[in-house]
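Report on one structure; see the data block that follows.
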Amino acid sequence: MGVTKKAKITFTCEPSLKDGLEVWAQSESRTLSNLIEMIVRQAYQERSTPDRPDRSADPQPTQPQPARTETTAAATKAKRGKSAAKS
């Protein structure tokens, strides 16, 4: 295994969320770490977009939402397919 120059981050989550993320990662032939990096990167880019609607008034969920791995994985594959076609 090679040495990486990427920063390392540790976070905690519910076991059910981890299980769902692992299924999602497997369905895309990704590592769990790679999947989480992709999710965080997309969220960060969305938040950094200047023309995004103001979400500061949105209520924060009090309970974690259940992972919808099948629907989300299909949507992500579709997005990746579109961006791969542009390359």
Side-chain angles (χ1 to χ4, degrees):
M1 205 188 300
V3 177
T4 182
K5 293 185 180 189
K6 293 185 176 186
K8 300 206 183 305
I9 298 174
T10 303
F11 76 99
T12 59
C13 64
E14 295 293 323
S16 60
L17 176 59
K18 181 181 180 237
D19 293 343
L21 290 170
E22 287 175 333
V23 169
W24 181 1
Q26 275 186 337
S27 74
E28 296 191 7
S29 300
R30 295 175 178 269
T31 63
L32 181 58
S33 179
N34 180 263
L35 175 72
I36 292 170
E37 180 183 10
M38 178 197 70
I39 294 168
V40 171
R41 180 170 287 148
Q42 287 177 349
Y44 180 77
Q45 287 173 345
E46 181 181 314
R47 182 175 173 83
S48 300
T49 305
D51 60 334
R52 74 180 181 91
D54 181 23
R55 296 183 183 204
S56 60
D58 288 351
Q60 296 298 316
T62 55
Q63 294 293 323
Q65 299 298 313
R68 297 187 325 184
T69 56
E70 292 177 24
T71 304
T72 309
T76 302
K77 282 183 181 178
K79 279 187 178 180
R80 283 187 24 214
K82 288 179 185 175
S83 62
K86 291 181 184 176
S87 299

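Because the structure is predicted, anything quoted here is derived from the model rather than measured.
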Fill in: Criterion side-chain contact (heavy atoms from CB on, under 4.5 Å) on Leu21 and Ile39, from CA distance to verdict
CA-CA 10 Å; Leu21 290 170; Ile39 294 168; 4.1 Å; yes
Worksheet item: So which heavy atom on Ala25 is nearest to which on Leu35, and how close?
Response: N-CD2, 3.7 Å
Item to complete: Using the rule that two of Ile, Leu, Val, Met, Phe, Trp, Tyr join whenever any of their side-chain heavy atoms come within less than 4.5 Å, decide whether Tyr44 and Phe11 are in one cluster.
Response: no
Worksheet item: To the nearest 0.5 Å, how far apart are CD in Glu22 and CG in Leu17?
Response: 10.0 Å
Discussion item. Could you measure the distance from the CG atom of Asn34 to the CD atom of Glu28? Nearest 0.5 Å is fine.
Written reply: 9.0 Å
